[in-house]
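Here's the structure we're looking at; comments come further down.
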Amino acid sequence: MASQQIDPGTKPIDLRPLPFEGTWGSASTIARMAAGDIVQKQLDAEGALEGLSKKEAKKLVNERVGAASQELAATLADHIRASGRFASVDAVNGYINIGYDADATTNRLVSEVMQQHDTYGHAAPDSRNTRVMIEHSQLNTHKAAHVGHLRNICLGVALTNISTAAGFTTMPVTYIGDIGRHVIKCLWCYSTFHAGEEPREGISRGRWLGEIYVEAGMRLNYRKDVVDFLNRLIKEDTSLGEGIDRVLKNLWNNDDPVDGEDIAYLLGKVTNVGEIVPDELTDADVMMPFFTLLGDYLRGAAIEAEQSEEENSAAADRYAEWTQLHDTIDWWKQVPAWIDAEKATFQLWENHDPDFYQLWETTRDWSMDELKAIFEEFGATFDVWFTESEVEDEGRAMVRELLDRGIAEISDGLPVVKIDEKLGLEQETYRTMPILRSDGSTLYSTKDLALARKKFENYDIDQSIWVVDVRQSLYFDQITRILELYGFDDHAANLHLGYEFVTLPSGIMSSRKGNAPLLEDVRDAMISRALDVVQEKNPTLALEEQEQVSRDIAIGAIKYAMLARDGNKVIVFDPDEALSFEGHAAPYIQYAHARACRLLERAGVSDADVLAALPETSFAGQIPAELSLLQQISIFPEMVQRAATEHRPLHLTNYVFELAKRFNDFYHEAPVLQEGIDPAVRQARLALVTATRITLRNGLSLLGIVAPEQM
RNA sequence: GCCCGCGUAGCUCAACGGAUAGAGCGUCUGUCUUCGGAACAGAAGGUUGGGGGUUCGAUUCCCUCCGCGGGUACCA
């Protein structure tokens with residue numbers, strides 16, 4: 001079979017790293033690709049395929065193609081070998097494996113790493129000639145950040161670093177939720193119940209506001225929470241029907257006049273396993289005595305369950321939940337008034353009430369201090385801080401313009417864009433998006449439309465990326481399409497980078513109920529755990545350094561956990577597992593780095609020494625562990641590019657883990673400083689260790705993870 | 001209903017359309033007169049949810065079914 005039968009026009013000459021270790025080289029699949037065509041043609045010419053079913057024909061081709069590709073690969077290998085340009089050329093399994101000269105290749109690689117040093121793996125700055133704005137870490141004021149927000153911060157920081165390293169001109173920005181329903185709730189609760197108070201000892205004002213926000217939610221949702229509890233009880237507790245009899249009898253005998261109709265209603269719902277709807281009660285006050293008396297039954301059930309020693313804690317849980325709700329049973333009758341008051345507070349904002357504005361500004365600053373501290377700790381820096389409050393008016397103006405231009409219209413009393421209709425789509429795709437509330441107050445969409453326009457108009461960017469929870473993907477599709485109707489016709493200009501949310505082993509988390517682990521708590525727990533380990537492993541280190549190292553390890557562990565999972569996978573955040581310092585996690589990688597540092601320190605050689613000695617350093621006679629390590633170092637620049645273009649830091653978390661693993665393997669297989677080691681080998685290995693250290697550090701750095709020199 | 005995502009080892013997750021589907025955890029067995037044991041080596045563990053299709057070749061691309069999660073006009 002002659003090589004000229006191959007049509008180079010249709011078959012790319014692909015080179016890929018060899019899938020096995022022990023050889024410096026690349027592989028090409030060209031023979032396999034070409035063999036398919038050739039065999040097909042041959043069989044056609046022979047007429048061997050005639051009368052065969054498609055499946056049978058395929059089977060025949062398949063049988064022949066293996067041998068044919070090997071034959072072709074061998075022929076091609078002979079040609080390539082004859083050129084004398086490669087250390088080895090082999091045909092294996094129909095692949096052409098090209099081997100390089102280990103000494104020269106290694107020398108070239110190591111000197112590249114040594115010379116570029118902190119920028120090894122990076123493309124030339126701004127070489128992509130593309131300005132990208134990355135919006136991430138959209139935290140809220142007046143509300144505590146929880147672990148779910150961590151994923152966003154970690155992703156945003158890593159993407160920014162990686163994009164910059166890959167040659168993009170990157171502008172990281174954030175967009176702070178400093179106004180909106182949550183702020184109003186918090187401030188209503190603050191001014192009604194906590195005005196003039198100071199936070200308790202050891203709690204920052206920002207954190208205190210977060211607690212007040214949670215309290216506001218509990219107050220405003222109290223009726224709903226009680227009714228939800230009752231409805232769950234009706235469904236889950238099958239003996240409730242009998243138990244409720246006593247409760248209702250007590251209610252009848254009570255001196256308080258209660259509405260018989262309501263009691264009948266409640267009884268009906270319980271016995272028929274129906275759903276209680278608060279509005280169907282004629283006298284809402286009946287709930288308070290009813291709920292109180294219900295406690296007798298639940299307490300009895302809990303005690304009974306305990307005595308029967310069944311492993312059934314449901315009754316106990318229910319009683320505990322009841323106790324919690326009952327503690328504030330007097331809230332029940334106040335809820336409607338609170339809801340009105342909260343709405344009135346919203347009007348204060350809308351009417352630009354000066355006192356309220358003052359309060360808003362003051363409390364906003366408290367939260368901002370908190371946010372700045374978080375950003376600093378997690379290495380997030382921003383070129384621009386956008387806020388929701390600053391785009392409200394621009395948003396309203398843009399809505400007017402959309403209405404004037406006929407893109408938006410009034411439907412059911414509020415401005416909306418009927419996107420599918422405007423785009424002429426038959427099938428329901430982007431639906432209809434409301435862009436302002438009927439009372440004239442702004443929605444997220446109002447503000448995001450104005451902000452998106454502002455980004456392009458004021459910052460001369462080519463692309464705008466939103467790093468936001470994947471649940472917002474329809475929302476951002478809608479925003480993008482409206483912008484398109486408005487005049488931004490570059491499809492790729494706006495990109496929503498979604499990521500799945502973070503849940504607890506016990507279920508979805510919500511900051512409203514305050515049942516999500518707070519970001520600060522998780523961080524503190526991680527740091528304290530890290531400190532314990534550092535003090536155990538490295539007791540001679542100065543306390544100050546132990547603390548610094550513990551922070552680096554704890555933050556690194558959190559970041560790695562958040563990044564080492566593809567964006568479309570839900571992270572089940574198990575604090576115990578995240579606190580584990582073993583295996584596929586940041587400390588393992590940091591440890592490899594610290595080991596390399598220690599080794600070089602003991603050897604007493606500096607990077608400059610290694611670099612200066614390179615021309616006389618021989619890398620001949622490498623053992624497999626060395627080659628494997630070098631191959632991993634060599635693909636770093638390629639991995640950076642890939643992570644950037646695919647927007648997937650995951651590629652780099654995998655990369656640094658693999659690099660650390662190969663280094664540890666090398667460490668065990670290839671002694672450097674031990675007695676009896678040939679000085680030439682020692683010199684080569686020191687160069688290798690240095691290159692590894694640099695690459696590990698650079699890789700971690702792109703992920704936003706610090707690589708301590710000792711730990 | 002419609003749209004999007006996910007389904008790979010007991011568990012948590014990898015795998016530019018390429019060679020024998022890989023790691024970590026867990027389980028079992030080993031390696032130390034240690035260049036830092038937060039390490040290393042080995043074993044066991046798989047019909048890649050089911051079924052079709054495209055391809056010389058499919059975990060990867062297409063279709064379909066099943067299961068789970070999310071979204072679906074004045075919530076953020």
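Here is how names work: the chains are called A, B, and so on, in the same order as the sequence lines, proteins then strands, and each is numbered from 1. Values below: all heavy atoms of this structure, side chains included; hydrogens, waters and symmetry mates excluded.
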(Q) Under 4.0 Å, heavy atoms only, any strand: does Arg648(A) hit a base, just the sugar-phosphate, or nothing? (A) sugar-phosphate
Q: Can you tell me, in whole Å, how much space there is between the C1' of rA41(B) and that of rG46(B)?
A: 23 Å
Q. Which listed nucleotide (rA15(B), rC3(B), rA14(B)) is nearest to the side chain of Gln427(A)?
A. rC3(B)
Q | side-chain contact (heavy atoms from CB on, under 4.5 Å) between Ile176(A) and Phe386(A), intermediate numbers included | A | CA-CA 6 Å; Ile176(A) 303 297; Phe386(A) 295 112; over 6 Å; no
Q: Classify the nucleic acid contact of Asp566(A) as base, sugar-phosphate or nothing, counting any heavy atom under 4.0 Å across all strands shown.
A: sugar-phosphate
(Q) Among Val470(A), Leu155(A), Ile571(A), exactly one meets side-chain contact (heavy atoms from CB on, under 4.5 Å) together with Tyr499(A). Which residue is that? (A) Leu155(A)
Q: Starting from C1' on rC56(B), measure out to CZ on Arg64(A) and report it in whole angstrom.
A: 13 Å
Q. Which whole-number value in Å describes the distance from Arg595(A) CZ to rC40(B) P?
A. 7 Å
(Q) I'd like the P distance from rC16(B) over to rU54(B), given in whole Å. (A) 24 Å
(Q) Is there, by distance only and without an angle test, a donor paired with an acceptor across the side chain of Asn664(A) and the base of rA41(B) below 3.5 Å? (A) no
Q | Geometric class of the His142(A)/His182(A) ring pair [parallel <30°, tilted 30-60°, perpendicular >60°] | A | perpendicular
**Q.** Listed partners of Gln478(A) passing side chain to side chain donor-acceptor pair (under 3.5 Å), at least two apart
**A.** none
Q: Give one of base, sugar-phosphate or nothing for Lys418(A), where a contact means two heavy atoms less than 4.0 Å apart.
A: nothing
Q) With sugar-phosphate meaning primed atoms plus P, OP1 and OP2, does Arg32(A) contact a base, only sugar-phosphate, or nothing at under 4.0 Å between heavy atoms? A) base
(Q) I want to verify a distance call: between rC35(B), rA76(B), rA73(B), whose nearest atom is closest to the Leu673(A) side chain? (A) rC35(B)
Q | Duplex segments of RNA chain B, taken as runs of at least three Watson-Crick or G-U pairs that stay under 3.5 Å | A | B:1-7 with B:66-72, B:10-13 with B:22-25, B:27-31 with B:39-43, B:49-53 with B:61-65
**Q.** Candidates rG26(B), rC16(B), rC35(B) - which lies nearest the side chain of Arg642(A)
**A.** rC16(B)
**Q.** Among rG36(B), rC56(B), rA76(B), the nucleotide that comes nearest once only the side chain of Val65(A) is considered
**A.** rC56(B)
Q) If the P atom of rA21(B) is compared with that of rG26(B), how far apart are they to the nearest Å? A) 26 Å
Q. With sugar-phosphate meaning primed atoms plus P, OP1 and OP2, does Leu599(A) contact a base, only sugar-phosphate, or nothing at under 4.0 Å between heavy atoms?
A. base
Q: Using the C1' atoms only, state how far rG49(B) lies from rG69(B), rounded to an integer number of Å.
A: 16 Å
Q: Provide the distance between the two C1' atoms, one in rG52(B) and one in rC13(B), to the nearest whole Å.
A: 29 Å
Q. Which nucleotide in the list rA38(B), rA19(B), rG71(B) gets nearest to the side chain of Arg471(A)?
A. rG71(B)
Q.
I'd like the C1' distance from rC40(B) over to rG24(B), given in whole Å.
A. 15 Å
(Q) Using a 4.0 Å heavy-atom cut-off, does Ala585(A) contact any base of the nucleic acid, only the sugar-phosphate backbone, or nothing at all? (A) nothing
Q.
Within the 4.0 Å heavy-atom criterion, would you say Ser473(A) contacts the bases, only the backbone, or no part of the nucleic acid?
A. nothing
Q. Out of rA19(B), rC56(B), rG1(B), which nucleotide sits closest to the side chain of Met33(A)?
A. rC56(B)
Q | Presence of donor-acceptor pair under 3.5 Å, side chain of Ser69(A) and base of rC56(B) | A | no
Q) How do Arg602(A) and Asn568(A) order along RNA chain B: which one's closest nucleotide is nearer the 5' end? A) Asn568(A)
Q.
Using a heavy-atom cut-off of 4.0 Å across all strands, would you classify Val470(A) as base, sugar-phosphate, or nothing?
A. nothing
(Q) So Asp469(A), base contact, sugar-phosphate only, or nothing? Heavy-atom distance under 4.0 Å. (A) nothing
Q: Any chance you could lay out the salt bridge (charged side-chain N to carboxylate O under 4.0 Å, His left out) test for Glu342(A) and Arg181(A), step after step, and finish with the verdict?
A: CA-CA 9 Å; Glu342(A) 188 255 346; Arg181(A) 218 61 200 219; 3.4 Å; yes
Q: Would you indicate what Val39(A) reaches in the nucleic acid, counting non-hydrogen atoms under 4.0 angstrom: base, sugar-phosphate, or nothing?
A: nothing
Q: Select one nucleotide: of rC74(B), rG18(B), rU72(B), the one nearest the side-chain heavy atoms of Pro434(A).
A: rC74(B)
**Q.** Interatomic distance, His584(A) NE2 vs rU12(B) P [rounded to whole Å]
**A.** 16 Å
Q. Which is true for Gln40(A) with a 4.0 Å heavy-atom rule: it touches a base, it touches only sugar-phosphate, or it touches nothing?
A. nothing
Q: For the side chain of His651(A), starting at C-beta, report the closest nucleotide among rA38(B), rG69(B), rA15(B).
A: rA15(B)
Q: Apply salt bridge (charged side-chain N to carboxylate O under 4.0 Å, His left out) to Arg648(A) and list each qualifying residue two or more places apart in sequence or on a separate chain.
A: Asp566(A), Glu646(A)
Q: Classify the side chain of Thr29(A) and the base of rA19(B) as holding, or not holding, a donor-acceptor pair under 3.5 Å.
A: no
Q | Sugar-phosphate, base or nothing in reach of Tyr95(A), heavy atoms under 4.0 Å | A | base
Q: Verify the distance criterion only: is there a donor paired with an acceptor across the side chains of Asn664(A) and Arg595(A) at less than 3.5 Å?
A: yes
Q: Would you classify Arg598(A) as touching base, sugar-phosphate or nothing, given that sugar-phosphate means primed atoms plus P, OP1 and OP2, and contacts are heavy atoms under 4.0 Å?
A: base
**Q.** rG22(B) and rA9(B), which share atom name C1', separated by this distance in whole Å
**A.** 10 Å
Q) Between the side chains of Asp477(A) and Thr480(A), does any donor sit under 3.5 Å from an acceptor? A) no
**Q.** Nearest listed nucleotide, side chain of Asp665(A), among rA14(B), rA41(B), rG71(B)
**A.** rA41(B)
Q) Taking the C1' atom of each, how far is rG7(B) from rC75(B), in whole Å? A) 30 Å
Q: Calculate the interatomic distance between Glu658(A) atom CD and rA14(B) atom P; express it in whole Å.
A: 16 Å
Q.
Applying a 4.0 Å non-hydrogen cut-off, can you work out what Ala561(A) is touching in the nucleic acid: base, sugar-phosphate, or nothing?
A. nothing
Q. Between Tyr560(A) and His584(A), is any side-chain donor less than 3.5 angstrom from a side-chain acceptor?
A. yes
**Q.** Side chain of Tyr667(A) - closest among rC74(B), rG36(B), rA23(B)
**A.** rG36(B)
